[in-house]
Number of protein chains: 2
Amino acid sequence: MTTAKKSYHHGDLKGTLEEAAVEIIRLEGVNGLSMRKLADKVGVSRSAPYHHFEDKQALLSAIAHRGFVLQAEAIDAAECQGEAAFEAQVMQFVNAYVNWAVEHPEYYDLMFGSEVWQGNTPPEQFAQESRGYFRRYVERVQRWQRSGHIGQELSALRFAQVSWSSLHGISRLLIDGIYVDKKAQEAICSAAATIFFKV
Amino acid sequence: MTTAKKSYHHGDLKGTLEEAAVEIIRLEGVNGLSMRKLADKVGVSRSAPYHHFEDKQALLSAIAHRGFVLQAEAIDAAECQGEAAFEAQVMQFVNAYVNWAVEHPEYYDLMFGSEVWQGNTPPEQFAQESRGYFRRYVERVQRWQRSGHIGQELSALRFAQVSWSSLHGISRLLIDGIYVDKKAQEAICSAAATIFFKV
DNA sequence: AGCACATCTTGACACTGTCAAAATAGCACC
DNA sequence: GGTGCTATTTTGACAGTGTCAAGATGTGCT
């Protein structure tokens, strides 16, 4: 029962469904994902998925949850280069955030964007996850303030709100193709670092 | 034929449809809008709208277009208080932008967010509209730079990209309920003004 | 063997976007 | 008046959609 055997009914639907769904979303966008196409792709009947996800929303939420975990990992990985200087640290963080978002729109689109999960099921459960995600950033800002690398004129909360908004906005506008020059991405990130962290 | 009489077939479908659609979106979100419900609400048959909008996308695009116009008007109106001091000007602009977005999510959700119009019809036509909108902001930044109110270390384009991202991000996160404390809105705006424009 | 359970499938329902063909209403001119 | 032309709207239809209830099927335990 190595979690992926072929012997059982399917072995590991749930997981397979999530992965297949992510692929469909990557190729065709969130609106291109239908439960039935998904079931087809995986080779089960239309309503098999409903034994693993209550809802389509539930599926999307699960994927979004994955997204939060994956982005956090990616950011941690980018930073784990020992005790770098503050400037390097900031640049690593900013670039890691935006890069991951731009490279994984199939997740990022689901992580934020009420519209997707504003259906019936989880109006709150999910905002909570993103708020938790944000809180971790606030703590990061607090550490930076305590170590004296950024000023204290603004509370950590306010500073975090504005700067994170910027990261989020940059990511969204790049994903949505409004900041069209993909090569500008790095320049924008470093401009953001200049403005917010004076690096 | 005063553009809204009852005598003709309908008088002014198109307009009526747009307004009704906006109302549905306000009440039920973008996903709550269906062409058939819309037709019902207006009192015509399901496929009447298709003679005024090629697509559902076309309808959404029209609404988004309205949104761009309306927000621009709202911002102009907020600023048109003569020649205010730079600080007041900035605060007016920032507040006008975010306020309008938060108060009109039914439009703002459509104005940005590729997902909505990434269907078949207009992949470019629309990114163009938002990019045009952004360009006007770049020009604004250029004026502020020329008048010496903001520094020139960064190009107008970069500065505009980062600061507008922030406005957009703030708006999105407020709309999506991730910055939960609605009362914080003003504080966030003024923090943004502090960071970007030193006011 | 048999049972209990987890898992999957079939049939069905109401709803969606959209199109082709038919109906209707208004206008312009004889 | 009528006659045609065009703009507008409706009906019928098709393929998809999310989701549920009822039935079928395989798995592991005793």
Side-chain angles (χ1 to χ4, degrees), chain A residues 1-18 20-21 24-25 27-64 110 115-123, chain B residues 1-18 20-21 24-25 27-64 110 115-123:
Chain A
M1 209 220 268
T2 46
T3 311
K5 261 175 53 184
K6 203 70 182 285
S7 68
Y8 200 14
H9 273 127
H10 181 104
D12 171 39
L13 243 181
K14 191 147 184 170
T16 311
L17 285 171
E18 284 185 23
I24 292 180
I25 296 176
L27 298 178
E28 310 183 42
V30 181
N31 291 343
L33 174 69
S34 93
M35 291 304 253
R36 296 167 103 113
K37 248 190 331 196
L38 174 61
D40 261 22
K41 183 187 174 89
V42 167
V44 296
S45 89
R46 54 227 132 95
S47 79
Y50 285 87
H51 290 106
H52 299 271
F53 301 97
E54 192 164 8
D55 244 355
K56 191 183 184 182
Q57 307 275 356
L59 208 208
L60 297 180
S61 293
I63 295 175
L110 292 179
E115 183 200 303
V116 173
W117 63 74
Q118 87 184 179
N120 5 349
T121 345
Chain B
M1 212 221 265
T2 47
T3 311
K5 261 174 52 183
K6 203 71 181 287
S7 69
Y8 200 15
H9 275 127
H10 180 102
D12 171 39
L13 243 180
K14 190 148 183 171
T16 311
L17 285 171
E18 284 186 21
I24 293 180
I25 296 176
L27 298 178
E28 310 182 43
V30 181
N31 291 343
L33 174 70
S34 92
M35 291 304 254
R36 295 167 104 113
K37 250 191 328 198
L38 174 61
D40 261 22
K41 182 186 175 88
V42 167
V44 296
S45 88
R46 56 231 131 94
S47 80
Y50 285 87
H51 290 105
H52 300 271
F53 302 97
E54 191 165 8
D55 243 358
K56 190 182 185 184
Q57 308 274 358
L59 209 208
L60 297 180
S61 293
I63 295 175
L110 292 180
E115 185 199 303
V116 173
W117 64 74
Q118 85 182 178
N120 6 350
T121 344

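In what follows, chains are A, B, ... by sequence order, proteins preceding strands, each numbered from 1. Quick caveat, the model's predicted, so the values are computed rather than measured.
OP1 or OP2 of dT9(D) sits under 4.0 Å from a side-chain N or O of H52(B).
Residues M35(A) and D55(A) share a closest heavy-atom pair of CE-O, 4.0 Å. When all heavy atoms of L13(B) and V44(B) are compared, the closest pair comes out as CD1-CG1, 4.1 Å. Pairing each heavy atom of I24(B) with each of G32(B), the nearest pair is CG2-O, 3.8 Å. Taking each heavy atom of E18(B) and L59(B) in turn, the nearest pair found is CG-CD2, 4.3 Å.
If you measure from atom CZ of F53(B) to atom C1' of dC19(C), you get 18 Å, rounded to the nearest angstrom. The interatomic distance linking Y50(B) (OH) with dA20(C) (P) rounds to 13 Å, in whole Å. Distance CG (L33(B)) to P (dC15(C)): 16 Å, rounded to an integer number of Å. Taking atom NZ of K56(B) as the reference point, atom P of dC15(C) lies 15 Å away to the nearest angstrom. For the pair L59(B) CG and dT18(C) P, the computed distance is 10 Å after rounding to whole Å. L38(B) has its CG atom 15 Å from the C1' atom of dT18(C), to the nearest Å. Separating the CG atom of N31(A) from the C1' atom of dG18(D) is a distance of 14 Å, rounded to the nearest angstrom. dT9(D) atom P lies 15 Å from atom CG of D40(B), rounded to whole Å.
Pairs of residues two or more places apart, or lying in two chains, that qualify as salt bridge (charged side-chain N to carboxylate O under 4.0 Å, His left out) and include a residue from residues 30-40 of chain B are E28(B)-K37(B).
Checking dT17(D), dT16(C), dT19(D) against every side-chain atom of K37(B), the shortest atom distance belongs to dT16(C).
Considering CD1 of I25(B) and CG of L38(B), their distance stands at 9.0 Å, rounded to 0.5 Å.
Every residue two or more places apart in sequence or in another chain was checked for a salt bridge (charged side-chain N to carboxylate O under 4.0 Å, His left out) with K14(A), and none qualifies.
Side chain H51(B) to base dT9(D): a donor-acceptor pair is found below 3.5 Å.
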Distances for protein N or O near nucleotides 11-14 of chain D N or O, under 3.5 Å:
from    : atom 1 : to     : atom 2 : distance (Å)
dT11(D) : O4     : S47(B) : OG     : 3.0
dG12(D) : N7     : R46(B) : NH1    : 3.1
dG12(D) : N7     : R46(B) : NH2    : 3.1
dG12(D) : O6     : R46(B) : NH1    : 3.3
dA13(D) : N6     : R46(B) : NH1    : 3.0

